[in-house]
Amino acid sequence: MAAPLPTRNLEKATSIDAQLRLLAPRKVSEDDKLVEYDALLLDRFLDILQDLHGEDIRETVQDCYELSAEYERKGDAGKLEELGKMVTSLDPGDSIVIAKAFSNMLTLANLAEEVQIAYRRRIKLKKGDFADENSATTESDIEETLKRLIVQLKKSPEEVFDALKSQTVDLVLTAHPTQSVRRSLLQKHGRIRNCLTQLYAKDITPDDKQELDEALQREIQAAFRTDEIRRTPPTPQDEMRAGMSYFHETIWKGVPKFLRRIDTALKNLGINERVPYNAPLIQFSSWMGGDRDGNPRVTPEVTRDVCLLARMMAANLYFSQIEDLMFELSMWRCNEELRVRAEGLHQNSKRDAKHFIEFWKQIHPNEPYRVILGDVRDKLYNTRERSRQLLASGMSDIPEESAFTNVEQFLEPLELCYRSLCACGDRPIADGSLLDFLRQVSTFGLSLVRLDIRQESDRHTDVLDAITNHLGIGSYREWSEEKRQEWLLSELQGKRPLFGPDLPKTEEIADVLDTLHVIAELPSDSFGAYIISMATAPSDVLAVELLQRECHVKQPLRVVPLFEKLADLEAAPAAVARLFSIDWYKNRINGKQEVMIGYSDSGKDAGRLSAAWQMYKAQEELVKVSKQYGVKLTMFHGRGGTVGRGGGPTHLAILSQPPDTIHGSLRVTVQGEVIEQSFGEEHLCFRTLQRFIAATLEHGMHPPVSPKPEWRALMDEMAVTATKEYRSVVFQEPRFVEYFRLATPELEYGRMNIGSRPSKRKPSGGIESLRAIPWIFAWTQTRFHLPVWLGFGAAFQQVIAKDIKNLNMLQAMYNQWPFFRVTIDLVEMVFAKGDPEIAALYDRLLVSPELRPFGDQLRSKYLETKDLLLQIAGHKDLLEGDPYLKQRLRLRDAYITTLNVSQAYTLKRIRDPDYHVTLRPHLSKEYNDATKPAAELVKLNPTSEYAPGLEDTLILTMKGIAAGLQNTG
């Protein structure tokens, strides 16, 4: 339920405004400008819509909105039917325009929200107020965190500083396909945000306001006129370039800016030291071009390409800054070490006449820093061009020794300049741009990001099985786990090569080995970890260690088992303990181990409640095992964007982890649309870095409470019930798969072209082979969110029916235990976004009559679960403790409802060609213009096997709903 739509039709305005004025969200506080922002953007958009497509289209948009808003206000399902008749009567071209219009209006509502959030944050910073809006549990201001640790928790400044400078947060960007918005549109959205922010600045002049308003209209129109739909799937290289663009636009400059803010916070608290430039506070890694689990498009050649491309981009970013640094460091005083180096470089350059003419003669002999940095500049140029040539042809005429080959070579002359400036009394100058540059080099290295390699464990088994069969010693695949470990260790401790060129290879086996050869060929700092998905046993890890050795990887990648399904999580501590008990392996890891836990597949396997609790317990046990063997453990959290895949507010997610499981070292995936939400703008980048660093520090120095024994027992009991309920529906109910595919757009998901990876690991498989992303995405589209809540209600009912005192215990757990509170709050948020009546509409239109009772049963469970959830949280209404989020959701509801109805009826027309609708004449003046094709937008997709306009309408509704619900995959 949103603010009234502006209109030019005065007669219609009276009726709409009278009805919708009641629906507009109220201001939550004095600094709440959300409704005002939203109304301005919508007014501009509707004017543009009318100018482009005519008043009839604008009126149709308003009619659709009015019906949706009436439904949201009264809950009258009849309004959905009326809305359905309206959208099905549209001509194909008009249908596309209406879907596109509502999708754009939702995007504008989101942009208004982002500007409002940033505005309120600025107000709070000016007031020094971080106590409202439950900000202590939703935000992580670095200075407030440091103050809290020192003042409230009585930590010494030295303790806090030591903990801060030794901690590491590694953010791993992945190409998981949930970012449904094209990059060109994201850039336009950023400009709309900037215009809106500036329009409401206090010191704006009338001329500035007029120019900004024109710019705002221009950007809104440009976004609307841009085709939202990707016509072909992106390649892994495309995904990598899109991901790397965030470094160029926000992260590259955001990191040193954020580290300076930490320096300021420390100084304000009396700590007169800066964070050392080589402190590993923030690291970045990537899966783009390295994640080959079930993605045949990620080949060894792709991996090689993305590594070289990243190195080229890093060298180019450094090169673009080095001349600014040279310009700044014009001083002549330096220490003896730097003077000797500078004189040597200057003399060498004179002997190279060509080189001297180009650059060195321009440098004054009394500018030694410029001489040193000039040599750095030349090597950066060679580094960039060498990567460019290798990327283009596989060969380079630039000698390796004339470029930087490792980050130590790069840092050495910069460190020399820093030491010299400090020695000569120029420490303030050293702590300027040079310190920023040093921090960038320490953070990004020569590779910009380190690429992780991910492969499924079965693929390694295939390779080793081929080897053992070729050697005539049996089938590795058929061996017991004990025999596998014994053979792998004997080979790891030996020296003989296992295979040669004559090894029989399938295409899959060659892919695994060729990938390892690429790792061996490229610089070792291009790579991070080797992730084994679907890991179950120690042999999975030892197999990768052996294959790295056989493929001559000189500096082997650290091997990280990924435990995903419920049974694998339960068995993980024992598997890791067995690894640590092997002397060869203990020596190999040098006291450090990384273990990844998968939120997505565990949730799909057992439901959200059971998966969350099992991951909690598995982390606790893994920490115990690591302490027992004297190993420092880093947990790698494979979180998605949506709650069903481990998503949720960063601060809450970190602070709800078990005690001692982070301990200053955190690795976490940043996936899909979350990348844009985290790094799409400079202020978002700053806030993201702040949240991760502050929450990691707080968790390590002030761990959350451990659950009481009786809470554990109750959680164990509920997890058993929840898993049984979830699996009885998803895996054991024979009608479920058919119902799921009829009631959701799962079958049509692949048409969105939002990722390079297929939606299934095995094309012919069922739910178990479906990837977690489309599984979640399909249920999110229908506003039913089944994977998130299914199992909770049965678990709550069972323990409360057993003993009414358990209700009091659950309420105490909610109020006192961060893990349980976060789990409940996130599910409550999902219920606030859900609507079982919308899901029922999909059933009525798309599900066969004999399956509809099954849907009715599920919706009954949904309502029971929601009531129990509110009872445990002590809430009368959903989100009563978060009025700002509640307001934002109300603002979007009517837009999303229109798109839901359009999507459901479009799916009906796609799946049932005999479904009859009566089309109205063209409404849009664009389609009545004799100088243009009759259906210009329809012709954008002439190859669709669907009736004209249906595929584009469907995809636009998918994108719009995803934008409205935000955390979709």
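The structure presented is a predicted model; accordingly, all values stated were derived computationally and were not measured.
- Of all the heavy atoms in P703 and P659, the pair that sits closest is CB-CB, 4.0 Å.
- Within the 3.5 Å criterion, the main-chain N or O of D397 finds a donor-acceptor partner in the side chain of Q389.
- Using bins of under 30°, 30° to 60° and over 60° for the plane-to-plane angle, the ring pair F444/F247 lands in the perpendicular bin.
- For the pair Q409 and K379, the minimum side-chain heavy-atom distance is 4.5 Å or more.
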Would you tabulate the side-chain donor-acceptor contacts of residues 470-477 under 3.5 Å, counting partners in other chains and residues two or more places apart, or write 'none'?
from: H470; atom 1: NE2; to: D502; atom 2: OD2; distance (Å): 3.4
from: S475; atom 1: OG; to: D465; atom 2: OD1; distance (Å): 2.6
from: R477; atom 1: NH2; to: D462; atom 2: OD1; distance (Å): 2.0

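- Note on E385 versus R388: salt bridge recorded, some NZ/NE/NH1/NH2 to OD/OE distance being below 4.0 Å.
- Residue-environment remark: CD (Q493) exceeds the threshold of 12 foreign heavy atoms within 6.0 Å.
- Between the side chain of S457 and the main chain of M534, a donor-acceptor pair closer than 3.5 Å is present.
- Under the salt bridge (charged side-chain N to carboxylate O under 4.0 Å, His left out) criterion, D525 pairs with R311, not counting sequence neighbours.
- By the 4.5 Å heavy-atom criterion applied to side chains, H699 and Q167 are not counted as neighbours.
- Between A403 and N382, the shortest heavy-atom contact is CB-C, 4.0 Å.
- In terms of heavy-atom proximity, L566 sits nearest to A611 at CD1-CA, 4.3 Å.
- Ion pairing between D293 and R454 holds under the 4.0 Å rule for side-chain N and carboxylate O.
- With T174 contributing its side chain and W287 its backbone, the two residues share no donor-acceptor pair below 3.5 Å.
- Side-chain atoms of R292 never come within 3.5 Å of backbone atoms of I453 as a donor-acceptor pair (strictly under, hydrogens ignored).
- Between the side chain of S245 and the backbone N or O of A242, at least one donor-acceptor pair lies under 3.5 Å.
- Looking at every heavy atom in both residues, T688 comes nearest to S678 through OG1-O, 2.8 Å.
- Residues satisfying the side-chain hydrogen bond (donor to acceptor under 3.5 Å, both in side chains) test with Q485, not counting sequence neighbours, are E481, R578.
- For the pair K586 (side chain) and Y629 (backbone), a donor-acceptor distance under 3.5 Å is present.
- Among L281, L411, V407, the one residue that satisfies the side chain to side chain contact (heavy atoms under 4.5 Å, CB included) test with S442 is L411.
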Note to self: For Q593 and F580: C-alpha separation, side-chain torsions, deciding distance, then whether side-chain contact (heavy atoms from CB on, under 4.5 Å) applies.
What the structure shows: CA-CA 9 Å; Q593 178 66 50; F580 292 166; 3.7 Å; yes

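- Using cut-offs of 30° and 60° on the angle between ring planes, the pair W487 and W479 is perpendicular.
- By the 4.0 Å N-to-carboxylate-O rule, D514 lies too far from K505 to be salt-bridged with it.
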Checklist line | Derivation of the side-chain contact (heavy atoms from CB on, under 4.5 Å) call for Q614 and S602 | finding: CA-CA 9 Å; Q614 189 54 57; S602 58; over 6 Å; no

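- Listed by first then second residue, pairs satisfying side-chain hydrogen bond (donor to acceptor under 3.5 Å, both in side chains) with a partner in residues 545-554 read E545-R588, not counting sequence neighbours.
- Residues passing the ring-ring contact (aromatic ring centres under 6.0 Å, His included) test with Y318, sequence neighbours excluded: W252, F410, F437.
- Across all their heavy atoms, N316 and R384 have their closest contact at OD1-NH1, 2.7 Å.
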Margin query: Would D170 and S285 count as a side chain to side chain donor-acceptor pair (under 3.5 Å) here? Give the steps.
Written below: CA-CA 7 Å; D170 190 352; S285 301; 3.1 Å; yes

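- Formation of a donor-acceptor pair under 3.5 Å by the E594 side chain with backbone atoms of T634 is not found in this model.
- Note on D511 versus R459: salt bridge recorded, some NZ/NE/NH1/NH2 to OD/OE distance being below 4.0 Å.
- Proximity of a side-chain donor or acceptor of D540 to a complementary backbone N or O of T536 within less than 3.5 Å is detected.
- Considering only heavy atoms from C-beta on, V169 stays 4.5 Å or farther from I282 through its side chain.
- The minimum heavy-atom distance between E456 and S533, with the atom names listed, is CA-OG, 3.2 Å.
- Taking F258 as the reference, F686 meet the ring-ring contact (aromatic ring centres under 6.0 Å, His included) condition, with sequence neighbours excluded.
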